[in-house]
Colleague: 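Below are the structure tokens for one structure; questions will follow.
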Amino acid sequence: MEKLKYISMFSAVMTQIVGIIFLFINIKIAIGLFFVYFLSLLVLVITFIKIRIDEKKEDDKNDYRDY
């Protein structure tokens, strides 16, 4: 899960930078790069949600307030 998070972060940053550069060179490639950028952001958000749900389940499992 951690590898996926870092890969999607790196992909989002790099495709955004390269997409901005390609706006001046070739618009079709730039649109494709921005599409990949949005996909990597989507994967990143889903990964963060999954990590948060897992943390919440672990917190609920280790809840010792009633002792």
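Any value given below was found using the heavy atoms of this structure, including those in side chains, with hydrogens, waters and symmetry copies removed.
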Colleague: Measuring from atom CD1 of Ile29 to atom CD1 of Ile21, what distance do you get when rounded to the nearest 0.5 angstrom?
Modeller: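 One finds 12.5 Å between CD1 of Ile29 and CD1 of Ile21.
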Colleague: Between the main-chain N or O of Ser11 and the side-chain N or O of Thr15, is there a donor-acceptor pair closer than 3.5 Å?
Modeller: yes
Colleague: Are Leu41 and Phe10 connected into the same hydrophobic cluster when the rule is that any two of I, L, V, M, F, W, Y join if their side-chain heavy atoms are below 4.5 Å apart?
Modeller: no
Colleague: Linking I/L/V/M/F/W/Y whenever any side-chain heavy atoms sit under 4.5 Å apart, do Val45 and Ile53 land together?
Modeller: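 Yes, one cluster joins them.
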Colleague: Honestly curious: do Ile25 and Leu33 fall in one hydrophobic cluster under the side-chain, below-4.5 Å linking rule?
Modeller: yes
Colleague: What's the separation between atom OG1 in Thr47 and atom CG in Leu42, rounded to the nearest 0.5 Å?
Modeller: 9.0 Å
Colleague: For Asn26, check side chain to side chain donor-acceptor pair (under 3.5 Å) against everything at least two apart and list the hits.
Modeller: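 Side chain to side chain donor-acceptor pair (under 3.5 Å) check on Asn26 returns nothing, list empty.
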Colleague: Rounded to the nearest 0.5 Å, how far apart are CG of Leu39 and CG of Leu44?
Modeller: 12.5 Å
Colleague: A side-chain contact here means heavy atoms from C-beta on lying under 4.5 Å apart; do Val13 and Ile17 qualify?
Modeller: yes
Colleague: Once rounded to the nearest 0.5 Å, what's the spacing between atom CD of Gln16 and atom OG of Ser40?
Modeller: 9.0 Å
Colleague: When you compare the side chain of Phe34 with that of Ile20, does any pair of heavy atoms fall below 4.5 Å?
Modeller: yes
Colleague: Is it possible for you to say whether Phe38 and Ile27 belong to one hydrophobic cluster, with membership spreading through side-chain heavy-atom contacts below 4.5 Å?
Modeller: yes
